[in-house]
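Lettering follows sequence order; numbering is per chain, from 1.
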Amino acid sequence: MTETNQRTAVGAPADEKTLPPQYTPAEVEAPLYERWVSAGYFEADESSDKPPYAIVIPPPNVTGSLHLGHAFEHTLIDSLTRRKRMQGYEALWQPGMDHAGIATQNVVERELAKEGKSRHDLGREAFVERVWKWKAESGGQISGQMRRLGDGVAWSRERFTMDEGLSQAVQTIFKRLYDDELIYRAERIINWCPRCLTAISDIEVEYQDDEGELVSIRYGEGETAIVVATTRAETMLGDTAVAVHPDDERYRHLVGTEIELPLTGRRIPVVADAHVDPEFGTGAVKVTPAHDPNDFEIGRRHDLPSLAVLDEHGVITAHGPFLGLDRFEARSAIVAALRVDGRIVAEKRPYVHSVGHCSRCKTTIEPRLSMQWWVRTGPLAEAASKAVRDGEVAIHPKEMESRYFAWVDNLHDWCISRQLWWGHRIPVWYGPDGEMVCVGPGEEPPSGEGWHQETDVLDTWFSSGLWPFSTMGWPKETPSLEKFYPNAVLVTGYDILFFWVVRMMMFGLYAMDGTPPFRTVALHGMVRDQFGKKMSKSFGNAVNPLDWMDAYGSDAVRFTLARGANPGVDVPIGEDWVQGSRNFCNKIWNATRFALMNGATVEGPLPEAAELSPTDRWILSRLQATVAEVDALYEDYQFAKLSDALFHFAWDEVFDWYVELSKTTLNEGGAAADATRRVLGEVLDVTLRLLHPVVPFVTEALWTHLTGRESIVIAEWPTDSGFRDAAAEQEIAVLQQVVTEVRRFRSDQGLKPGQKVPARLALEGTPLAAHEPALRSLTRLQPEGHHGTAFAATASLPVAGAVVELDLSGAIDVAAERKRLQKDLDAAEKELKQTTAKLGNEGFLAKAPEPVVEKIRARRAAAESDIARITAQLAGLPQA
RNA sequence: GGGCACGUAGCUCAGGGGUAGAGCGCUGCCCUUACAAGGCAGAUGUCGGCGGUUCGAAACCGUCCGUGCCCA
């Protein structure tokens, strides 16, 4: 505990011992968060002696707002950093956003469109200014929403990919890669979005099955005719060859000849190319090098001309009747024209096939030949692959490694130029005589007649890929970089593996002399609705987490998400579950409230084990086991399991049993009560600290009340003291068994929960004698002869060596009791049958391990004695 | 078309060669002075089908069926 963490509660005054009977998150959360921030708990000091623990936020998009996916990811990251902070690490959770080139430009262009303007009306400079203005006014809503969630980020270090420093980083690495010939300019087929009017990279294309048409067209005449099939008839205007497989006997005689291309009158060659699949369709394909990536490759191999017939909007530019038609209009028009010519051999419609769409605007992608900038990924990807293969970077869960390798080992060159205005402009200048100069940071660009800068900007991912170190000041050698690089872990969704992870890996290893950007990649799944369906706005099942946070509190949303977080597996979430988590928070609240009302304390040392009751020793033993369990689960990123372990320990053990048992002790007073008050304080103190990373608000509110200290945020993370007491655990287990049995009897007998029943307890030979008051209290059993009347046992419950006799004033429901006992008897007989069968099996006795055989023997013995006992009980019941 | 997951209670999911689990939902009783956002008790499964390995399979192997995702 630090010096400052004493006696000055952040919440209500420390001496305030009564809490309202309900937890009201709305009143607690915002003020607590503001106090945490102003106290500077989340800031990271690069000059500290503490070991570093750094996590970068996978930068959210500046146009975005908090959705459940963020809430999920942030809950996990926040839990990790809060725990490490409590463990005494210098924890840095780096916040910020990326500039989302296409998305942001789209947003601002839409705004302009409402004013009847286009970006071209403003011009580049004014448009970019306008985007900055938009960012200042409406961008980055997510930052405010992160505060609602309780994200413990170092706000003073917030970064934006378009900031001066990060822009320097972009220019620096561009220059280096360029000089190392890892960046080049080339004319290739790229994925073009005719709506966004820019190239996009392979991973920004989403494929989906669309209904189209497959049209078979006869090229050439008579003996030399060849039939080709296409889903994109309009591109035939740009065909410059027909290709067949070299071994295909059907066409061998035609290879090297020319045939006439319909509608155009052009003659195009028939070429033989091994990449043509002779099994598919007619085995002949039309070749349009300017509008198809495969055709482009064929064109290269055979020196074919590339004939572009579509412009940037997807409009036909080829002279003739189709000039000016949109690509889809042109498709029908051309098919119609071919039909008139008798060229159509077959038509299949609808023909379902996979079509690429722009991930931003869903427009059908147009493969387009154009001059672009590329990253040669070969050596970078190889290093990224090797780092994982060599164990320098661990991917968690490990099963996801194969996905990583499958991607990184087959990476194509990365198209990084975008025909946008918002983004990092490529630092290359072209000269009047075809010169090309790449300008590094601080260098003067060439000036003078005819020199101009490249107009394209860089892919947003190009700057996001630098995030793990550009945010720390790179390329300068800063103390932050020295202290915090490499980051400990990147927490992100498996769907982002290809976007961020691979890019960050490639750039980190390259820029930081082979040191990877992080040591672990912890992958989580996608948030889904309560039926396991993907959330989407169009499907109408998307949920705004802020609504749930308003209704149930941030902790409830966080706990629900954490509790569903099995590594790499999708997490479904529904409102009912958030409600359940809210109930849990309220339960914690009330248990602590009870403890405070009864003088629970954290002051002074814990009494020695010898001075504690078995009940106190039991809960302390369970507490320490839970500390160990939760700690281990954190190390393995098992958020679901650790949350569940805490839920069950807190509710099932502490609240349902320890608190209930403590009531008897506290009522009795004396030294035992003092000890219990201290143990109660201890158990809640530790449990709240264990829970804090996942449910920060309610734990802070309660812990400051309980301890009177400054803040749980800077409290120590609990460590396993090693205290265990197997005997006490066994003893309490027996007690629980007896209590449960009596309660079951009462319930089956239709006794009201509050109804007191006189009972005689025979506890000799069991460890329960000392627990008699608690046992009676939990089961509402009065001492015999309570009202001065004679005790007359009407029911007898033998359980675990103890016998409980109850006086029901002769009013026992014999049928109910018979039914209850019969059910037990059936279970015991089934058990006897199963175990006897096993023990009669020679193979089992010979081959099963001894402990297993022993266990089965014990089970059979238990079943036998149960049967004897229950049979006797049944016999003792009055005849119906 | 290639690859990878996954089929366990009504729903959503853990588990994993030796007695089938959780949350929510459901049934009954109860406002027992921390909590009805609660308490107590209870019911519910041929662990997708079929074969195989094993003394023993929900788990391991094969195969089929179904679902989802990624890549082409």
Side-chain angles (χ1 to χ4, degrees), chain A residues 18-24 202-203 207 277 280 294 354 356 399-400 402-403 406-407 410 494-495 497-498 525-526 528-534 552-553 556 560 563-564 566 568-598 600 638 640-641 643-645 647-648 651-652 655-656 659-660 662-663 739-756 777-780 820 823 827 830-831 834-835 837-849 851-853 855-856 859 862-863:
Chain A
T18 44
L19 301 168
Q22 274 196 347
Y23 173 51
T24 317
D202 293 344
I203 52 175
Y207 288 89
D277 177 6
F280 184 80
N294 294 322
S354 182
E399 303 91 83
M400 289 281 177
S402 57
R403 236 173 131 119
W407 180 259
N410 295 290
Y494 61 71
D495 59 326
L497 197 55
F498 315 134
M526 306 294 105
R528 291 168 173 273
D529 74 7
Q530 67 268 43
F531 304 112
K533 291 267 178 294
K534 197 185 256 181
Y552 306 111
T560 307
R563 203 173 175 198
N566 289 114
V569 180
D570 289 348
V571 45
I573 182 169
E575 187 159 0
D576 286 352
W577 308 346
V578 180
Q579 212 167 64
S581 299
R582 183 270 313 260
N583 295 356
F584 178 51
C585 292
N586 191 54
K587 188 74 182 177
I588 301 169
W589 177 269
N590 271 292
T592 309
R593 179 167 178 257
F594 166 84
L596 290 169
M597 288 166 69
N598 285 279
Q638 298 279 3
K641 292 198 178 71
S643 303
D644 206 52
F647 179 86
H648 285 291
W651 205 320
D652 298 351
F655 305 156
D656 283 351
V659 164
E660 293 305 322
S662 75
K663 286 178 180 173
V739 168
T740 303
E741 188 61 17
V742 174
R743 284 170 170 173
R744 187 160 80 101
F745 172 83
R746 294 183 52 118
S747 181
D748 288 344
Q749 283 295 314
L751 297 175
K752 305 284 185 213
Q755 185 179 334
K756 300 261 199 311
S777 158
L778 293 180
T779 52
R780 312 267 156 189
R820 190 175 77 91
K823 194 185 141 200
K830 187 180 166 198
E831 175 80 351
Q834 283 177 347
T835 50
K838 276 206 168 188
L839 293 168
N841 182 339
E842 290 299 328
F844 175 73
L845 293 176
K847 297 190 180 175
V852 172
V853 177
K855 206 169 153 187
I856 300 295
R859 276 172 51 193

Please tell me which of the listed nucleotides, B:G18, B:G39, B:C69, lies nearest to the side chain of A:K838?
-> B:G18

What pairs with A:E831 under salt bridge (Lys or Arg N to Asp or Glu O under 4.0 Å), at least two apart in sequence or on another chain?
-> A:R859

Measure the distance from NZ on A:K663 to P on B:U33 and round it to the nearest whole Å.
-> 9 Å

Counting just side-chain N and O atoms, does A:W651 come under 4.0 Å of either OP1 or OP2 of B:A34?
-> no

side-chain N/O A:R744 vs B:A41 OP1/OP2, d < 4.0 Å = no

Given B:U19, B:G42, B:G23, the nucleotide with the shortest approach to the side chain of A:E831 | B:U19

Output all residues satisfying side-chain hydrogen bond (donor to acceptor under 3.5 Å, both in side chains) with A:R820, sequence neighbours left out; order by chain, then residue number.
-> A:E741, A:E817

Nucleotide N/O of nucleotides 11-15 of chain B paired with protein N/O under 3.5 Å:
unit_1	atom_1	unit_2	atom_2	d
B:U12	OP1	A:F531	O	3.4
B:G15	OP1	A:K641	NZ	3.3

Integer-rounded Å distance: B:G18 C1' and A:Q834 CD | 12 Å

Looking only at atom P, what distance separates B:G7 and B:A43, rounded to whole Å?
-> 27 Å

Atom-pair distance (NZ on A:K587; P on B:G23), nearest Å | 14 Å

Whole-Å distance, A:Y207 OH to B:G3 P, equals 20 Å

When the distance from CG of A:D652 to C1' of B:G38 is rounded to whole Å, what number comes out?
-> 14 Å

The side chain of A:P849 lies closest to which of these nucleotides: B:A37, B:C24, B:G18?
-> B:G18

Taking atom C1' in both B:C31 and B:C24, what distance in whole Å separates the two?
-> 23 Å

P-based separation of B:G17 from B:C61 [nearest Å] | 11 Å

C1' atoms of B:G18 and B:U54, separation to the nearest Å | 12 Å

Is the shortest side-chain N/O distance from A:N590 to OP1 or OP2 of B:A37 below 4.0 Å?
-> no

What interatomic distance, in whole Å, is found between P of B:U19 and the corresponding atom of B:A14?
-> 22 Å

Rounded to the nearest angstrom, tell me the gap between atom CZ in A:F844 and atom P in B:G18.
-> 12 Å

Mind checking A:A846 for me? I need base, sugar-phosphate or nothing, with any heavy atom below 4.0 Å counting as a touch.
-> nothing

So does A:R582 get a side-chain nitrogen or oxygen closer than 4.0 Å to the phosphate oxygens (OP1/OP2) of B:A37?
-> no

For nucleotides 28-32 of chain B, which of its nitrogen or oxygen atoms have a protein nitrogen or oxygen under 3.5 Å away, and what is each distance?
unit_1	atom_1	unit_2	atom_2	d
B:C30	OP1	A:K752	NZ	3.1

Got a sec, which pairs hit salt bridge (charged side-chain N to carboxylate O under 4.0 Å, His left out) with one end in residues 568-589 of chain A, sequence neighbours left out?
-> A:R528-A:D570

Option from A:V852, A:V853, A:L845, A:I856 for which side chain to side chain contact (heavy atoms under 4.5 Å, CB included) with A:K838 holds = A:I856

Got a minute to check which stems RNA chain B is part of, using Watson-Crick or G-U wobble pairs under 3.5 Å, three or more consecutive?
-> B:1-7 with B:65-71, B:10-13 with B:21-24, B:26-30 with B:38-42, B:48-52 with B:60-64

Of all the nucleotides listed (B:A34, B:G18, B:C70), which has the minimum atom distance to the side chain of A:R403?
-> B:C70

Among B:A34, B:A72, B:U19, the one nearest A:E660 by side-chain distance | B:A34

Rounding to a whole Å, what distance do you find between A:N586:CG and B:A36:P?
-> 8 Å

A:A848 has a side chain; which of B:G39, B:A37, B:G18 sits nearest to it?
-> B:G18

Whole Å only: how far is the CG atom of A:D495 from the P atom of B:C70?
-> 9 Å

State whether the distance check finds a donor on one side and an acceptor on the other, under 3.5 Å, for side chain A:Q22 versus base B:A37.
-> yes

